[in-house]
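Take a look at the structure below.
By convention in this document, chain letters (A, B, ...) are assigned in the order of the sequence lines, proteins followed by strands, and residues within each chain are numbered from 1. Just the heavy atoms: all of them, side chains too, but no hydrogens, waters or symmetry mates, feed the values below.
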Number of protein chains: 2
Amino acid sequence: MRPNKRDELVSKALDVFYRSGFHATGMDTLVKETGVSKTSMYKHFRTKDDLIIAVLQLRDENFRNWLFGRMEDLSNTPAGQLIGVFTALGEWFAKPEFAGCMFVKASSEFQNHAHPVYRQSSAHKQMLLDHFTALAQSAGVPDPAALARQLLMLKEGAIVLAAMSVTPDPAGDALQTAQMLLQPYLKDS
Amino acid sequence: MRPNKRDELVSKALDVFYRSGFHATGMDTLVKETGVSKTSMYKHFRTKDDLIIAVLQLRDENFRNWLFGRMEDLSNTPAGQLIGVFTALGEWFAKPEFAGCMFVKASSEFQNHAHPVYRQSSAHKQMLLDHFTALAQSAGVPDPAALARQLLMLKEGAIVLAAMSVTPDPAGDALQTAQMLLQPYLKDS
DNA sequence: GCCAATATGAACAGACCGGTACACACAGAG
DNA sequence: CTCTGTGTGTACCGGTCTGTTCATATTGGC
């Protein structure tokens, strides 16, 4: 029961769940895809729900590291980093494996608000909101919380429209709107 | 095989799917909930997918009638109607049965872009976009298509945040943003 | 009333669901 | 070598999935 074996299972399960959905993916499929035996799988994860929760934890970590890292790469100023969200989104949407937000999908399939999967999905969005709020505050915005809510809303809307193939460049559209909201606080540094 | 019986089945199935998800809801559950026999159910709908497609058609009709009707009630001007979207959203979010957008959830569970459920979900959003674009054009906006995309994105973002209980008043936040976008075209009539 | 056509319901079919029992391979200790 | 502990794979469990079969009510025409 090496610990990195567990991580490997979670990582592979993430891919399959992301591609095919949670309820639609059976444990037999995951066992086959990972090459491990069912017994081993259930040694690492007591139930399917436990596995899903581990998957969402990994996703939260990966997504946060990727997005926040990308934002920092793109700008040194808080306002510039907030704008960077939408540049980063555009890069994500262009990837062939893009298939929407995993947490939105998770909360869609586990709608009971008391369910750990729903709570975890909600917490992920809350975490993003907190980060945006902190940046907005650093940027000197009068109402940082309100701006953060607006930017998060743009981000979620863009992801939905991208996942549903409604408009060709939702990241670009969101970027334009965000620039309007942030214009007073963007120094051209 | 009275036609209104079929409508009744679709309507009831809509409620159950909306509450519990598509894959998570079995035909046995639907049969039990509707009181009809399984044979009758499969007389009306050849497969579960056929039923889901009928459900989404009804949802599309209901949602369109409700939203567009509410928009017209709220204002006589095109720009005012576009603002009305977000007032209407606020009313929707306050309803106890609110559980996010059914089409976003459907496309989450049926991600294959060639699947009729995905295509239908995408088409629903396209329909909304077209309506918004026409209104924006009537309002005399220079780039009606761009504004419509922005407003649709705000709507989708607000629904996601409402469904995931991230912020207390996403409709209000979206309304504020929309007012910024539409300010030049809103006459206080 | 009588017969044919149709709608219905319960039981079932075969596959798959999440989860478990258990026999076994293989390591290290003596 | 033997004994023992641990990780693994297979076969299986009861239940549920979508979809079907077939015998039985129910209806309409004459």
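Residue B/Thr29 is classed as having no contact, given no heavy-atom separation below 4.0 Å to the nucleic acid.
Distance CG (B/Asp50) to P (D/dT18): 14 Å, rounded to an integer number of Å. Taking atom OH of A/Tyr42 as the reference point, atom P of D/dT6 lies 24 Å away to the nearest angstrom. Note: CE (A/Met41) to C1' (C/dG19) measures 13 Å, nearest angstrom. As a whole-Å value, the separation of A/His23 NE2 from C/dC17 C1' is 11 Å. C/dC16 atom P lies 9 Å from atom NZ of A/Lys32, rounded to whole Å. When the P atom of C/dG18 is taken as reference, atom CZ of A/Phe22 falls 13 Å away, rounded to whole Å. Put simply, NE2 on B/His44 is 13 Å from C1' on C/dT6, counting in whole angstrom units. For the pair A/Leu30 CG and C/dC16 P, the interatomic distance rounds to 15 Å; values are reported in whole Å.
In summary, the side chains of B/Ser75 and B/Gln81 do not present any donor paired with an acceptor at a separation below 3.5 Å, with no hydrogens or angles considered.
Closest contact between the side chain of A/Lys43 and the listed nucleotides D/dT20, C/dT8, D/dT8 involves D/dT8. You'll find that the side chain of A/Thr39 is closest to D/dG9, out of D/dG9, C/dG19, C/dT8. Listed nucleotides: C/dC17, D/dT8, D/dT18. Nearest to the side chain of A/Asp28: C/dC17.
A cation-pi arrangement is not found for B/Arg6 relative to B/Phe45, the charged atom failing to lie both closer than 6.0 Å to the ring centre and inside a 45° cone about the ring normal.
Here A/His23 and A/Phe17 keep their ring centres 6.0 angstrom or further from each other.
A residue-by-residue look at B/Ser40 and A/Lys48 shows that B/Ser40 has its nearest nucleotide of DNA chain C further toward the 5' end. Map B/Ala24 and A/Gly35 each onto its nearest nucleotide of DNA chain D; the residue landing nearer the 5' end is A/Gly35.
Looking at A/Lys38, its side chain comes within 3.5 Å of the base of C/dG19 through a donor and an acceptor atom.
For the atom pair B/Ile53 CD1 and B/Thr47 OG1, the distance stands at 7.0 Å (nearest 0.5 Å).
Using a 4.0 Å cut-off between charged side-chain N and carboxylate O, B/Asp169 and A/Arg149 make no salt bridge.
A close approach under 4.0 Å does not occur between any side-chain nitrogen or oxygen of A/Ser37 and OP1 or OP2 of D/dT8.
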